[in-house]
Amino acid sequence: MTSTIMDDGRTVIGESSSAPQGKAEEKGKQRPVPRNFKLAGNKQEISSDFMQPMHMPEENRPFFVNIGRSGVIAALEELDKQLQEAQLPRVLSKKVPTDWTGKEIAPGQLGLINHGGTPKVLTRPGRYPGFPLRNWWARSWCGTKGLSDTVIEFQGLTVVQVSQNQAAVVSDPQNQVFVVTNSGFVAYAMEGTYDVLSIVDQTHLPTILKDKLTGVTLGWTHEVKMRSKVSSREEKEYVVATFLNIPANNCAILQRDDDLELLGAGQSVITNPSVTLRGLYTLGENQVEMPTKDIFTRDQVPVSLTIYLKWQLTEPLKLAHHGYSTPYEALRDKTQSILTQIVAHLDYSSMVKQRSLGPDNMDDGTDPSSPFLDALRTRAMDDMHDAALEYGIVLKDLAVIDRQFKGEIASTMDKLTTRALQAQVEAANVDRENSNKVKQEEGALAVTQIKAQAANTQADAEAYRVIAAAKAQAQRIKIEAEAQAEATRMQAEAEAEAVRIKAKADELVVDGFAREMELRRLEVARVRAYGSKTVFVPTESTGAQMGNALALGMAATMGAENGRAVKG
């Protein structure tokens, strides 16, 4: 029988007493596994005899009270009520606290008293006086515990409280193990004890499981063991619970007798001794390079191939039904068988020229190794794909990436092939060297052209600079000449204006003495300019001198007349 369950958080427990009658009849029959089974998005509500939600046990246990929303004290009160109804010693003490002396119990604590071997619990905060103020005969103070403590064990009284991420593995008085998660209980064992074997962090299990071939993390596990005394001298540990934390896109397969169960991703725990963990699997894509064993060609030349495989496991139950623990084991055996059949029908010569075999070199039918390539394309892929589907595996890719021939014939042929390859390599090297030289010359020519172009550009720039400098020099000279001419003209005009002003001023002088004094000053200036020993010789003719004398006389007469007219 095979079935699938996908609930989050569950416990693998024992047989259910309410199983249908047809269950036993179907147990010996193996149902066919659906070929189109997919883990993601196919959650099926299938009843299972050994997969139930992980929670507190539901059967009626004596003096066993679940801790509800009211807390530990309410559960203790309920347990005390059950003990009273059974006419057994109570667990809650009748003592009343005071506020002045005695043993102190703070809020949030429980006081523990050993009353003749039976437990007594103080729940109210305060001080509790001792002997002789109170009756403490056959009683002894055993300290305090916190109300929120995970585990409290005292004189047969057991209190367990676990948080959302914890799981408590508990053994009851009959050594039956159950698991408590996100809850708690208060129990009093009259015969035997409730032993808390372990408190497990469900999301951080210590043991990691990986695929040894691909290195993919399959999940985490943790085994809880219980020590049992099997004889007067021997004690052994037995596994009573196995915790599983399966990541997304992974799964586990459980087995009980001939029945298999698919367990999806999430947190689970196995407590049923008849249920074993068959294995963990990943449902993602995987790839590996697989070397094959020696295969003989038709002419008895051994060859070893290296195969590239890429696959994805979609139906783990099929793989487990065939007895394989990993998809690689199934693919390895089938691949070896199919390639052995293909290579056994080929000659050494048809394979020696092909260095790599894959999809890229399967298109040309004229290749000498086309028989092997055709066989790989038409038979290997098809046969492998069909064989993989029988194991619940989808084969994504298959390629032969390397081959090694062995034996004397292979070594001789390999030498010949190596020489041919060396010749090809040498020819390729010569072509490469020639190509490199051509590229170097082309590069040198390109550099020369670039340098010439740069020189032309520089010459053009230099000529432009000289022309621009000449134009600037001519423009400067022109501007300086125009400025000099303008300055000379302005200076001449200024000197002429000064002469006119001075002549006009001299003309206005009518006093003879003033005129005489001006002449004397001119004489003094001339002597000062040319020296006292300078002799001035007239350069004009006699007639000219006479004309000058007449002009001077006339000018003097005109000046005298003007002066008299001004005075009159």
Side-chain angles (χ1 to χ4, degrees), residues 56-57 59-163 166 168-180 182-199 226:
M56 296 274 293
E59 62 267 21
N60 294 326
R61 293 176 178 268
F63 313 120
F64 187 97
V65 180
N66 293 331
I67 298 176
R69 294 183 177 273
S70 301
V72 177
I73 295 179
L76 287 172
E77 293 176 351
E78 177 65 23
L79 177 62
D80 188 72
K81 181 180 179 182
Q82 293 181 9
L83 291 173
Q84 288 185 66
E85 293 175 353
Q87 297 182 357
L88 295 174
R90 303 176 56 183
V91 295
L92 295 181
S93 177
K94 296 181 181 180
K95 292 187 177 296
V96 180
T98 64
D99 56 359
W100 49 282
T101 185
K103 303 294 183 179
E104 181 179 350
I105 298 177
Q109 291 183 338
L110 295 175
L112 304 180
I113 300 174
N114 183 358
H115 187 183
T118 60
K120 296 293 182 181
V121 180
L122 301 175
T123 59
R124 288 177 291 181
R127 293 179 179 271
Y128 292 85
F131 183 83
L133 301 176
R134 294 285 175 86
N135 181 11
W136 281 84
W137 292 106
R139 296 181 178 90
S140 61
W141 175 258
C142 296
T144 60
K145 295 287 185 179
L147 277 172
S148 299
D149 290 353
T150 302
V151 179
I152 301 175
E153 294 180 333
F154 177 67
Q155 299 297 113
L157 177 65
T158 303
V159 180
V160 176
Q161 301 178 89
V162 289
S163 63
Q166 294 177 324
V169 183
V170 184
S171 173
D172 66 3
Q174 289 77 33
N175 287 337
Q176 301 298 317
V177 177
F178 60 91
V179 180
V180 180
N182 196 22
S183 181
F185 68 90
V186 174
Y188 181 64
M190 300 297 296
E191 298 177 356
T193 58
Y194 284 91
D195 296 327
V196 180
L197 303 178
S198 179
I199 302 297
M226 181 175 65

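The residues of the chain are indexed from 1 along the displayed sequence.
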S.K.: Within a strict 4.5 Å, meaning less than it, do heavy atoms of the Pro129 and Thr98 side chains meet?
M.R.: yes
S.K.: Would you mind listing every salt bridge (charged side-chain N to carboxylate O under 4.0 Å, His left out) that reaches into residues 139-152, with sequence neighbours excluded?
M.R.: none
S.K.: Only counting residues at least two apart or in another chain, list the ones meeting salt bridge (Lys or Arg N to Asp or Glu O under 4.0 Å) with Asp172.
M.R.: Arg61
S.K.: Got a sec: does the CD of Glu85 have more than 12 other heavy atoms crowding it under 6.0 Å?
M.R.: yes
S.K.: Quick one, Leu110 with Leu76, criterion side chain to side chain contact (heavy atoms under 4.5 Å, CB included). Give me CA distance, side-chain angles, the key distance, then yes/no.
M.R.: CA-CA 11 Å; Leu110 295 175; Leu76 287 172; 4.2 Å; yes
S.K.: Which heavy atom of Val186 sits nearest a heavy atom of Ala75, and at what distance?
M.R.: CG2-CB, 3.7 Å
S.K.: Run the side-chain donor-acceptor check on residues 87-94: report pairs under 3.5 Å with partners two or more places apart or on a different chain.
M.R.:
| residue | atom | partner | partner atom | Å |
| --- | --- | --- | --- | --- |
| Arg90 | NE | Asp80 | OD1 | 3.3 |
| Arg90 | NE | Asp80 | OD2 | 2.8 |
| Arg90 | NH2 | Asp80 | OD2 | 2.9 |
| Ser93 | OG | Lys95 | N | 3.3 |

S.K.: Can you check whether Tyr188 reaches Leu79 side chain to side chain, under 4.5 Å on heavy atoms?
M.R.: yes
S.K.: Which heavy atom in Ala106 sits nearest to a heavy atom in Pro125, and how many Å separate them?
M.R.: C-CB, 3.9 Å
S.K.: So Gln176 and Ser171, side chain to side chain contact (heavy atoms under 4.5 Å, CB included) or not? Walk me through it.
M.R.: CA-CA 5 Å; Gln176 301 298 317; Ser171 173; over 6 Å; no
S.K.: Under the rule for side-chain hydrogen bond (donor to acceptor under 3.5 Å, both in side chains), what residues qualify as partners of Ser163, not counting sequence neighbours?
M.R.: Gln166
S.K.: Provide the full list of salt bridge (charged side-chain N to carboxylate O under 4.0 Å, His left out) pairs with a residue in residues 100-109, sequence neighbours left out, each pair given once.
M.R.: Glu104-Arg127
S.K.: Taking side-chain hydrogen bond (donor to acceptor under 3.5 Å, both in side chains) as the test, write out the residues that go with Thr150, two or more places apart.
M.R.: none
S.K.: Side chains of residues 151-158: which donor-acceptor partners sit under 3.5 Å, not counting sequence neighbours?
M.R.:
| residue | atom | partner | partner atom | Å |
| --- | --- | --- | --- | --- |
| Glu153 | OE2 | Val196 | N | 3.3 |
| Gln155 | NE2 | Gly117 | O | 3.1 |
| Thr158 | OG1 | Tyr194 | O | 3.4 |

S.K.: So, using side chain to side chain contact (heavy atoms under 4.5 Å, CB included) as the criterion, who are the partners of Thr144 when residues are at least two apart?
M.R.: Ile105, Gln109, Trp141
S.K.: Taking only residues two or more places apart in sequence or in another chain, which ones pass side chain to side chain contact (heavy atoms under 4.5 Å, CB included) with Ser140?
M.R.: Asn114, Cys142
S.K.: Taking side chain to side chain contact (heavy atoms under 4.5 Å, CB included) as the test, write out the residues that go with Ala168, two or more places apart.
M.R.: Val160, Val162, Val170, Val180, Ile199
S.K.: Identify the heavy atoms of Arg124 and Tyr128 that sit nearest to each other, and give their distance.
M.R.: O-OH, 2.7 Å
S.K.: List for me each residue that meets side-chain hydrogen bond (donor to acceptor under 3.5 Å, both in side chains) alongside Gln161, sequence neighbours excluded, and say none if there are none.
M.R.: none
S.K.: State the CE-OG distance between Met226 and Ser198, to the nearest 0.5 angstrom.
M.R.: 13.0 Å
